[in-house]
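Below: one structure, written as structure tokens.
Given the structure is predicted, the values throughout are model-derived calculations rather than measurements.
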Amino acid sequence: RLEDPEVLREKADEIGRRMVLDPIEDEPAEGTDVAPGSDAGEETDEDSRTRRQLLEMARTADGLRGEKDAKLQKAKGLIRTLIKEGFHPIVFCRFIPTAEYVAEELRKALPKEVEVAAVTGTLPPAERKVRVLALAEKLRRVLVCTDCLSEGINLQKIFDAVVHYDLSWNPTRHEQREGRVDRYGQNSKVVRVLTYHGVDNQIDGLVLDDVAHALEARLG
């Protein structure tokens, strides 16, 4: 029996809300890096207009890849600086396509002796570990990953810097990322953390406000 389109729409909206607001208290990191999407079945005129708008936005975004991507270009400079200072950074992204894109662009931009690897939920857990350990063999290295690596694999002996390329509405997610590096067993005297955000990006500003309020509440 086909489910009512309105019920499907509500379910899709709820999935989207959970993906954006990023609750983690009652769910594992597995699967949280999949970019959300939905197909509510029969399409209304309003759905059709929305679909056309989203496709147009997607085409516009696709035209901003690479050299036209201001966020990416700034991040390249920040990561280059970390490497020059002797750090081995992990770049955390929210979704799989973002992580793969950032890793691809960093490979083009960084010196050839800097090894760049991407690890996302597309890899089974055992293969993620193999890829991370292979990267540890490289003298200069950058790991680009999603939150599938925010738990379960010890990273503190391999990396000593964290770049939050994408911010999370849930400040606990940031703590999890940083906690994979800044913990017992870290050999480096200094651990660098970069919370990367756009000064002209309204969403980033709202997320930072939310993170700041959460920290204030914890500190009393």
Side-chain angles (χ1 to χ4, degrees), residues 12-37 71-72 74-75 78-79 82 87-103 106 117-125 128-129 131-132 135 142-186 188 191-199 201-220:
D13 285 344
E14 177 58 26
I15 292 170
R17 278 192 292 271
R18 293 184 66 80
M19 295 293 285
V20 171
L21 298 179
D22 201 16
I24 60 177
E25 287 79 7
D26 58 350
E27 64 181 40
E30 291 297 321
T32 60
D33 55 359
V34 179
K71 178 178 180 178
L72 174 69
K74 180 66 176 178
L78 294 171
I79 293 166
L82 285 172
F87 289 98
H88 307 297
I90 301 180
V91 182
F92 276 101
C93 300
R94 184 67 180 86
F95 296 114
I96 291 169
T98 308
E100 293 175 343
Y101 162 62
V102 170
L106 286 177
V119 173
T120 70
T122 59
L123 299 174
R128 297 173 205 170
K129 187 172 183 179
R131 187 166 296 188
V132 170
L135 189 59
V142 177
L143 174 63
V144 184
C145 66
T146 61
D147 290 302
C148 73
L149 271 191
S150 62
E151 56 184 33
I153 299 178
N154 291 326
L155 304 170
Q156 69 272 21
K157 293 186 178 180
I158 309 172
F159 303 97
D160 51 13
V162 171
V163 178
H164 299 288
Y165 187 84
D166 291 322
L167 304 184
S168 170
W169 284 100
N170 193 329
T172 304
R173 184 71 72 190
H174 293 194
E175 293 177 0
Q176 279 189 342
R177 294 170 174 178
E178 295 163 16
R180 304 312 304 160
V181 171
D182 188 11
R183 63 186 300 170
Y184 180 77
Q186 174 58 253
S188 194
V191 173
R192 289 288 302 277
V193 174
L194 296 181
T195 303
Y196 184 46
H197 65 95
V199 294
N201 186 321
Q202 263 188 324
I203 298 299
D204 277 359
L206 292 171
V207 173
L208 285 174
D209 287 344
D210 189 60
V211 171
H213 292 154
L215 291 175
E216 287 175 3
R218 291 185 186 187
L219 295 174

Taking all non-hydrogen atoms of both residues, which atom of [X] and which atom of [Y] are closest, and how far apart?
X: D147; Y: F92; answer: OD1-CD2, 4.0 Å
X: R173; Y: S168; answer: CB-OG, 3.5 Å
X: V102; Y: C93; answer: CG2-SG, 4.2 Å
X: G121; Y: T146; answer: N-OG1, 4.0 Å
X: V119; Y: R131; answer: CG2-CD, 3.8 Å
X: Y196; Y: A75; answer: OH-N, 3.4 Å

Partners meeting salt bridge (Lys or Arg N to Asp or Glu O under 4.0 Å) with R192 (sequence neighbours left out): E85

L155, I158, V162 screened by side chain to side chain contact (heavy atoms under 4.5 Å, CB included) with R180, the one that passes: L155

Measure the spacing between [atom1] of [X] and [atom2] of [Y] and express it to the nearest 0.5 Å.
X: Q176; Y: E178; atom1: CD; atom2: CD; answer: 11.0 Å
X: L82; Y: H88; atom1: CG; atom2: NE2; answer: 11.0 Å
X: F159; Y: L135; atom1: CZ; atom2: CG; answer: 4.5 Å

Side chain to side chain contact (heavy atoms under 4.5 Å, CB included) against D182, all qualifying residues, sequence neighbours excluded: V191

Partners meeting side chain to side chain contact (heavy atoms under 4.5 Å, CB included) with A103 (sequence neighbours left out): R107, V116, A118, V144

Selection residues 158-168 - residue pairs positive for salt bridge (Lys or Arg N to Asp or Glu O under 4.0 Å), sequence neighbours left out: K71-D166

Residue list, ring-ring contact (aromatic ring centres under 6.0 Å, His included) with H164, at least two apart or on another chain: H174

Worked check of side chain to side chain contact (heavy atoms under 4.5 Å, CB included) between I79 and L106: CA-CA 9 Å; I79 293 166; L106 286 177; 3.9 Å; yes

Those residues that, when tested against T98, pass side-chain hydrogen bond (donor to acceptor under 3.5 Å, both in side chains) (two or more places apart): none

